[in-house]
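Counting starts at 1 for both ligands and their atoms, in listed order.
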Amino acid sequence: MNESTAIQPAVNPNKALWEKGDFTCIAETMRESGIELVSKLGITPGMNVLDLGCGDGTTALPEARLGAKVQGVDIARNLVAAANKRIQEEGLTNITVREGDATNLEGIEDGSFDLVVSIFGAMFAPKPFDVASELVRVTRPGGRIVMGNWIPNDPTLVAQILKISSAYTPPPPEGFLSPMLWGVESNITERFVKAGIAAENITFEKDTYTFNAPFSPVEFVERFKNFYGPTMNAFEAAEKNEKAADLQRELEELFTRENRSKDPYKTSIPATFMRVTVRK
Ligand SMILES: C[S@@+](CC[C@H](N)C(=O)[O-])C[C@H]1O[C@@H](n2cnc3c(N)ncnc32)[C@H](O)[C@@H]1O
């Protein structure tokens, strides 16, 4: 068997997408909102918390600072390493972060956590019904799940970045379910009800995350272009079709329009998301 006919290990496109860039370069602009969101979750010392799709720990570290025993799980090896570096630098001993997949939390026992948090994390995993079932399985009876999910067609930043990016990217394979359906109340309810939750135990609230950056909106577009997997893929596809300049212009218009900072060397962009709370 020569090299070209040798069987290659299967690539998990979900993992590849998030390992492709360096989400830490975006996450750095989301720290303040992460801290603020965590402060609203009723975390008390000793609480067992799972942060799923934790990235480099924007919400997981604040959970640990409040005294919770935190387990972070993320599919991207580079982001797990980045989270562990931040944990070590801060000297936190009540948090561990490891690789894992939201569609199959093997190794985590049923009912392990008082609170399961997934902020713009599990929404990006395929097989949403498996994800809902795993979220419910690892939560203890009487515990809570809190998800933060972007909302399809919302006019604010992230929904629009994903919408614009997908318009330049080749269509996904047949049967692919958009992650944005995690921002639709009827889809969310269907998924958790199938996982055994009564519909009245699922609540929805619109909330805001603000991206704060010490550089201009146009420079912020460069960060997304160079480090955010979905936007990187869109630019690669757009370049092949000689459409990269159009994509660049659409994103620059969006970031400039949404920017609320009066300082030309700073960016502050609020983005609306759906906060979902599930009581088991
Ligand atoms: C937009 S980032 C958000 C990261 C973090 N929660 C935050 O607020 O900064 C999406 C994260 O979800 C992770 N992710 C995507 N699919 C996943 C899956 N199937 N299982 C676990 N993590 C996943 C990515 O690796 C990435 O870290």
Q.
I need the nearest protein heavy-atom contact for atom 13 (C) of ligand 1: residue, atom name and distance, please.
A. D74 OD2, 3.3 Å
Q | Nearest non-hydrogen partners of W182 and A122, listed with the distance | A | NE1-O, 4.1 Å
Q | Atom indices of ligand 1, in the order listed, that fall short of 4.0 Å to a heavy atom of G100 | A | 20 (N), 21 (C)
Q | Residue part near ligand 1, for D101, under 4.0 Å between non-hydrogen atoms | A | both
Q. Looking at A64 and L92, what are the two nearest heavy atoms and their distance?
A. CB-CD1, 4.2 Å
Q. Under the side-chain hydrogen bond (donor to acceptor under 3.5 Å, both in side chains) criterion, do T156 and D154 qualify, and how do the steps go?
A. CA-CA 6 Å; T156 62; D154 183 83; 2.3 Å; yes
**Q.** Distance-only N or O hit between ligand 1 and I75, under 3.5 Å
**A.** yes
Q. Which atom pair, heavy atoms only, marks the closest approach of I197 to K280?
A. CD1-CA, 4.0 Å
Q: Examine the proximity of ligand 1 to C54 and report which part, side chain or backbone, both or neither, has a heavy atom under 4.0 Å away.
A: backbone
(Q) Minimum heavy-atom separation for S118 and L52, please, with both atom names. (A) OG-O, 2.7 Å
Q.
Within the 4.0 Å heavy-atom shell around F120, which atoms of ligand 1 are there?
A. 1 (C), 2 (S), 3 (C), 10 (C), 11 (C)
Q. Looking only at protein heavy atoms, which one is nearest to atom 12 (O) of ligand 1, and how far off is it?
A. G121 CA, 3.5 Å
Q) Which atoms from ligand 1 have a heavy atom of L79 less than 4.0 Å away? A) 25 (O), 26 (C), 27 (O)
Q: Could you find the nearest protein heavy atom to atom 16 (N) of ligand 1 and give me its residue, atom name and distance?
A: N14 ND2, 3.1 Å
Q | Interfacing atoms of ligand 1 (cut-off 4.0 Å, heavy-atom, A76) | A | 25 (O)
Q. Would you say T103 contacts ligand 1, with heavy atoms under 4.0 Å as the rule?
A. no
Q) Among A122, P126, G53, whose heavy atom sits nearest atom 11 (C) of ligand 1? A) G53
Q | Side chain to side chain, L135 and F192, heavy atoms closer than 4.5 Å | A | yes
Q: Could you tell me which atoms of ligand 1, counted from 1 in the order shown, lie closer than 4.0 angstrom to a heavy atom of T58?
A: 9 (O)
Q) Below 3.5 angstrom, do we get any N/O pair linking I119 and ligand 1? A) yes
Q | Enumerated ligand 1 atoms positioned under 4.0 Å from heavy atoms of G55 | A | 4 (C), 5 (C), 27 (O)
**Q.** Identity of the nearest option to atom 9 (O) of ligand 1, non-hydrogen atoms only, from Y228, Y209, F23
**A.** F23
Q | For atom 20 (N) of ligand 1, the protein heavy atom that lies nearest, with its residue and separation | A | A102 N, 2.9 Å
Q | Nearest non-hydrogen partners of N259 and K266, listed with the distance | A | ND2-O, 3.8 Å
Q: Answer yes or no for G57: is there a heavy-atom contact with ligand 1 below 4.0 Å?
A: no
Q: Inspect the contact between E89 and K85 and indicate whether a charged nitrogen and a carboxylate oxygen are less than 4.0 angstrom apart.
A: yes
Q: Heavy atoms only: give me the nearest A237-P170 pair and the separation to one decimal.
A: CB-CD, 3.8 Å
Q. Is the shortest side-chain N to carboxylate O distance from E205 to K40 below 4.0 Å?
A. no
(Q) Please determine whether ring-ring contact (aromatic ring centres under 6.0 Å, His included) holds for the pair F124 and F120, giving the CA-CA distance in whole Å, both sets of side-chain angles, and the decisive distance to 0.1 Å. (A) CA-CA 7 Å; F124 288 104; F120 322 128; 8.2 Å; no
